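Working notes, structure below.
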Amino acid sequence: MSDDGIPESSESMGTDGIPYRFEPTATAAGLHAAHGDLEAGAETGIVVTLAGRLMLRRDQGKLFFGVLQDATGRVQLFAPEKSTPDFAGFTGLHLGDWVGVTGEVIVTRRGELSVRVGEWVRLAAARRPFPDKWHGISDTDTRYRQRYVDLWVTDEAREAFVLRSRALSVMRRWLEDRGFLEVETPVFHPIPGGALARPFTTHHNALDLDLYLRIAPELYLKRLTVGGMERVFEVARVFRNEGVSTRHNPEFTMLELYQAYADYHDIMALVEELVAHLAETLLGTTQLEYDGRQLDLSVPWRRATLTELLAEHAGLEIDLDTPRDELVRLCEERDIPVKDHDGPGKLIMELYEKTTEPELWGPVFVVDYPKEVSPLSRDHRDRPGWVERFEGIVAGRELCNAFTELVDPDDQRERFEAQEAGRAAGDDEAMVVDEDYLRALEYGLPPTGGLGIGIDRLVMLLTGTTAIRDVILFPTLRPEQGLGTPADPGDGGDGEGDADEGAGS
RNA sequence: GCGCCUCUAGCUCAAUUGGCAGAGCAUCGGACUCUUAAUCCGCAGGUUCUGGGUUCGAGUCCCAGGGGGCGUACCA
């Protein structure tokens, strides 16, 4: 390997003409940053090595212009016949081919920053033609299925995923700076818990055990708080067996965190500071425009109780002591179906979700929820029948759900049993009793504040996208027709054949 | 799940009331020493999503199925 990155030894060149490694010394964005102010016709004497895909080609006969795109952006390649090795081979490159180039940084007579091709090597052939160089891919389905193409031809897509990565990085740093420890808890749950949702099921052959993919990491994280990890968080992929939409993917990412000795007021402060910090760091401002509307994320966010908002937006002056008949009447007036076992708390929630939640834009913390619909939250210190729970509504969407955690094992058992009763009555999203979690609580959970933030929705906010599939690299889709499907992976024997060669090294 | 819309060349899109399936880009061949989605000439490229039906004749109309989008429901 020579200094300029072009392999010169046959040892490192494959028989197919493709080298085994390559070493770029510069990037497209780096060149523009370093040399963007040069005048037309400039020659720098600086030799750099770039790698990327050839995304545009302009063949002038004895002079060839190409546009090389790498992970950072695009830069022009300038290739005169008389100075370019194997000029015919170079001009024969296809759109989409990967190529490594070494040459001097220059500016053309027309003022375009370029690399004059000195040495070059093809790093991969694009056997399939790339999409229209101007229109790209318009079919969203193709974009999601062939993200490896989409990332090259749709700038906004690539930018959104770069921002997503940076957002997670900034978030982790911010939490670690505050003493939070990142942990990993099981994805396989023998008992689904921590949220109200339908789980996916799977099966472990050797243990002959039915398992659920987690719908939330909550109960495991609180076990860790019992275990003395005072501040923990997990960036958790969770799975819910529900429909897909512009706001829902069956697997999505939640940030959950638990802070010992904190209550939900502390968590509210944490959320608004974290989100404002992310916007400030990644976008340089807390004043966003989303879906054509303004959004001010600056601290502090408004705090209003659910009952206050019901009065404000729907004119409904109701509370848990409002006669049930009255609540039922209000629901029926609004075409909300009422079940026999629905208590006043459930009915108030239904009225809120129907009349008030769609009106909210935020950011606003909706504070204090009925105990009846909150099986893991601690009783409100002042309001009987209510719990210390809040949701953050931002850009009209639920961004987070948080509460002062329920710490009393006896109370928790009663809540679980109430959920079981609901399950018996036909609610297949209701929780089941988790005896081990109760045992953990019996060892003592200190006062704790907990939080779950939908990361995908947060990233949508930061990237200004309105479809969750635009922030998930490979969203859940039906398998493509006509590509062939693998043999049924289930029931594949007992695995003792040891035929797998994956996860090597 | 339900409702509405949609599917034509590798990509982006045309095709009159039902009347010979087309263009640009990409590919292939040719011209061109400062292009910027380069330009120009030429070749090739099709199960019009699938299967039925109506018709002398279907990309177009009807029925069923499939893929996708949007809305709605469940939900974060």
Side-chain angles (χ1 to χ4, degrees), chain A residues 40-41 54-67 74-84 87 91-97 106-114 116 126-146 149-150 152-154 194-199 215-216 236 238-256 335-337 353-354 357-358 391-394 397-402 427-429 451-458 460 466-469 475 477-483:
Chain A
L54 185 68
M55 294 305 282
L56 291 174
R57 25 171 301 151
R58 297 183 281 275
D59 190 347
Q60 298 280 300
K62 294 190 172 65
L63 183 61
F64 179 93
F65 298 91
V67 171
R74 296 181 165 198
V75 67
Q76 178 166 270
L77 302 178
F78 179 81
E81 180 178 34
K82 61 184 179 187
S83 65
T84 304
F87 183 71
T91 58
L93 289 170
H94 288 180
L95 286 188
D97 281 353
I106 63 158
V107 179
T108 61
R109 278 182 228 157
R110 295 291 176 85
E112 183 74 25
L113 182 69
S114 306
R116 184 200 285 128
R127 283 203 219 172
R128 293 173 181 265
F130 263 61
D132 188 282
K133 61 192 176 189
W134 185 247
H135 297 99
I137 309 175
S138 67
D139 179 22
T140 52
D141 181 52
T142 305
R143 290 186 46 217
Y144 302 142
R145 290 189 195 280
Q146 301 187 39
V149 176
D150 184 43
W152 285 100
V153 302
T154 310
L196 303 171
R198 253 189 306 256
I215 55 175
V238 299
F239 309 86
R240 299 188 183 178
N241 208 336
E242 289 152 1
V244 298
S245 78
T246 51
R247 286 179 286 279
H248 301 86
N249 196 63
E251 53 176 310
F252 63 101
T253 304
M254 284 195 359
L255 169 74
E256 282 206 8
D335 295 326
I336 299 169
E353 288 174 359
K354 178 84 173 187
E357 198 179 50
E391 290 189 356
I393 304 291
V394 182
R397 293 163 166 83
E398 279 178 46
L399 181 72
C400 68
N401 186 20
D427 181 358
D428 55 2
E429 293 184 349
L451 165 70
I453 292 186
I455 292 298
D456 310 274
R457 290 185 181 176
L458 178 60
M460 287 167 70
T466 53
I468 196 168
R469 288 172 165 186
L477 300 171
R478 217 177 235 107
E480 193 170 355
Q481 295 285 307
L483 266 190

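Per chain, numbering begins at 1; letters A, B, ... match sequence-line order. No experiment lies behind these values; they were computed from the predicted model shown.
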A:Arg57 vs B:rU36: side-chain N/O to OP1/OP2 distance below 4.0 Å: no
B:rG24 OP1/OP2 closer than 4.0 Å to side-chain N/O of A:His135: no
Main-chain N/O of A:Ile137 paired with A:Arg143 side-chain donor or acceptor, under 3.5 Å: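 No.
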Any donor-acceptor pair under 3.5 Å from A:Arg198 side chain to A:Glu242 backbone: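 Not confirmed, A:Arg198 side chain does not pair with A:Glu242 backbone.
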Pairwise [atom1] distance, [M] and [N] [rounded to whole Å]:
N: B:rC63; M: B:rA58; atom1: C1'; result: 15 Å
N: B:rC34; M: B:rA9; atom1: C1'; result: 34 Å
N: B:rA23; M: B:rG18; atom1: P; result: 25 Å
N: B:rC13; M: B:rU6; atom1: C1'; result: 15 Å
N: B:rG22; M: B:rU48; atom1: P; result: 13 Å
N: B:rA26; M: B:rG67; atom1: C1'; result: 25 Å
N: B:rU17; M: B:rA73; atom1: P; result: 38 Å
N: B:rC20; M: B:rG66; atom1: P; result: 33 Å

If you look at every strand shown and take non-hydrogen atoms under 4.0 Å, does [X] touch a base, only sugar-phosphate, or nothing?
X: A:Arg397; value: nothing
X: A:Phe78; value: base
X: A:Thr246; value: sugar-phosphate
X: A:Gly136; value: sugar-phosphate
X: A:Arg240; value: base
X: A:Ser138; value: sugar-phosphate
X: A:Ile137; value: sugar-phosphate
X: A:Leu399; value: nothing
X: A:Asn249; value: base
X: A:Gly61; value: base
X: A:Glu112; value: base

Does [N] have a Watson-Crick or wobble mate here (both distances under 3.5 Å), and if so which one?
N: B:rU48; result: none
N: B:rA31; result: B:rU39
N: B:rU17; result: none
N: B:rC61; result: B:rG53
N: B:rG71; result: B:rC2

Closest listed nucleotide, where the reference is the side chain of [X] and the choices are [options]:
X: A:Leu56; options: B:rA37, B:rG68, B:rC74; result: B:rA37
X: A:Arg58; options: B:rC34, B:rC74, B:rA38; result: B:rA38
X: A:Asp139; options: B:rU12, B:rG67, B:rC70; result: B:rU12
X: A:Pro129; options: B:rA37, B:rC34, B:rG10; result: B:rG10
X: A:Pro131; options: B:rU72, B:rC11, B:rU33; result: B:rC11
X: A:Gln60; options: B:rC34, B:rC74, B:rG67; result: B:rC34

Measuring only between side-chain heavy atoms, which start at C-beta, is [X] closer than 4.5 Å to [Y]?
X: A:Arg74; Y: A:Leu56; answer: yes
X: A:Phe78; Y: A:Glu112; answer: no
X: A:Pro80; Y: A:Arg116; answer: yes
X: A:Asp456; Y: A:Thr253; answer: yes

Between [X] and [Y], what is the shortest heavy-atom contact and its length?
X: A:Ser245; Y: A:Ile468; result: O-CG2, 3.7 Å
X: A:Phe130; Y: A:Leu95; result: CD1-O, 4.3 Å
X: A:Arg240; Y: A:Ala195; result: NH2-CB, 3.4 Å

Distances under 3.5 Å between nitrogen or oxygen atoms of protein and nucleotides 39-43 of chain B:
none

By side chain to side chain donor-acceptor pair (under 3.5 Å) - contacts of A:Asp141 (at least two apart):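 A:Asp141 satisfies side chain to side chain donor-acceptor pair (under 3.5 Å) with A:Arg145 once adjacent residues are dropped.
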Whole angstroms only, please: what is the [atom1]-[atom2] distance between [X] and [N]?
X: A:Gln76; N: B:rA38; atom1: CD; atom2: C1'; result: 11 Å
X: A:Leu95; N: B:rG24; atom1: CG; atom2: P; result: 17 Å
X: A:Met55; N: B:rA26; atom1: CE; atom2: C1'; result: 12 Å
X: A:Asp150; N: B:rG10; atom1: CG; atom2: P; result: 19 Å
X: A:Phe64; N: B:rU36; atom1: CZ; atom2: C1'; result: 13 Å
X: A:Arg116; N: B:rU33; atom1: CZ; atom2: C1'; result: 13 Å
X: A:Leu77; N: B:rC34; atom1: CG; atom2: P; result: 18 Å
X: A:Phe130; N: B:rA9; atom1: CZ; atom2: P; result: 20 Å

Distance, nearest 0.5 Å, that separates CZ of A:Arg397 from CE of A:Met460: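 Answer rounded to 0.5 Å: 5.0 Å.
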Residue whose nearest RNA chain B nucleotide is more 5′ - A:Pro250 or A:Gly92: A:Gly92
base_contact_polar (B:rG24 base, A:Asp132 side chain, donor-acceptor, <3.5 Å): yes
